[in-house]
Amino acid sequence: MAGKQQIVGKVVGKATARFQPVGPRKLRYVADMIRGKTVGEAQALLGLLHRPSAVPIVKGLLSSAVANSGRGDGEDLVIAHIWVDGGPTIKRWLPRAFGRASRIRKRSCHATIELTEPLGSEEVQ
């Protein structure tokens with residue numbers, strides 16, 4: 001991930017959403033928008049975004065990572081890493097003219113998110 005912003009810190013929450021019926025390219029667009037933002041900012045941004053591919057991140061992935069962190073609402077947590085990998089592709093056929101057939105590829109993806117505490121909020125022991 002050359003050129004991408006990396007936030008280093010202790011991972012406090014992680015979640016994975018597998019076999020999402022969205023193409024990975026569409027979901028990467030949404031993932032790039034929320035990378036490096038706090039959970040509160042990401043939820044506000046995704047709530048206003050008119051893209052169907054934002055629904056798996058809002059409903060499942062982000063809320064699951066916050067719940068896995070055990071930090072209550074988790075509004076101050078930062079999305080350190082989020083990545084989307086391609087999943088299996090289902091191949092279908094569509095009849096065309098003159099007895100031919102064309103292939104339809106129904107793509108899926110796997111998305112993973114890791115949350116960290118904001119920098120400078122380490123507890124002194």
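Quick caveat: nothing in here was measured; it's all calculated off a predicted structure. Excluded from the calculations below are hydrogen atoms, water molecules and symmetry mates; all remaining heavy atoms, backbone and side chain alike, are included.
Every residue two or more places apart in sequence or in another chain that forms a salt bridge (charged side-chain N to carboxylate O under 4.0 Å, His left out) with Lys14 is listed here: Glu114. By the side chain to side chain contact (heavy atoms under 4.5 Å, CB included) test, Asp76 is found to be paired with no residue, residues two or more places apart in sequence or in another chain being considered.
The ring pair (Phe, Tyr, Trp, His ring centres under 6.0 Å) contacts involving residues 35-57 comprise nothing, where partners must be two or more places apart or lie in separate chains. Sorted by first and then second residue, the salt bridge (Lys or Arg N to Asp or Glu O under 4.0 Å) pairs with a member in residues 94-107 form an empty list; sequence neighbours excluded. Applying the ring pair (Phe, Tyr, Trp, His ring centres under 6.0 Å) test to every pair with at least one member in residues 9-42, sequence neighbours left out, gives these pairs: Phe19-His110.
Here the SG atom belonging to Cys109 is positioned 8.0 Å from the CZ atom belonging to Arg28, to the nearest 0.5 angstrom. Considering CG of Leu46 and CD1 of Ile34, their distance stands at 5.0 Å, rounded to 0.5 Å. Note that CD1 of Ile113 is 9.5 Å distant from CZ of Arg35, once rounded to the nearest 0.5 Å. Summarising the geometry, atom CG belonging to Asp85 is positioned 10.0 Å from atom CZ belonging to Arg18; distances are rounded to the nearest 0.5 Å. Between Lys26 atom NZ and Arg51 atom CZ the span is 8.5 Å, to the nearest 0.5 Å.
Across Leu77, Thr38, Asn68, Val11, a single residue satisfies side chain to side chain contact (heavy atoms under 4.5 Å, CB included) together with Leu115, and that is Leu77.
Membership of the apolar cluster around Ile104 extends to Leu94, as traced through chained side-chain contacts below 4.5 Å between ILVMFWY residues.
Using a 4.5 Å heavy-atom cutoff, the side chains of Leu62 and Ile79 are in contact. Using a 4.5 Å heavy-atom cutoff, the side chains of Arg71 and Val12 are in contact.
Without hydrogens or angle criteria, Ser69 side chain to Val66 main chain gives a donor-acceptor distance under 3.5 Å.
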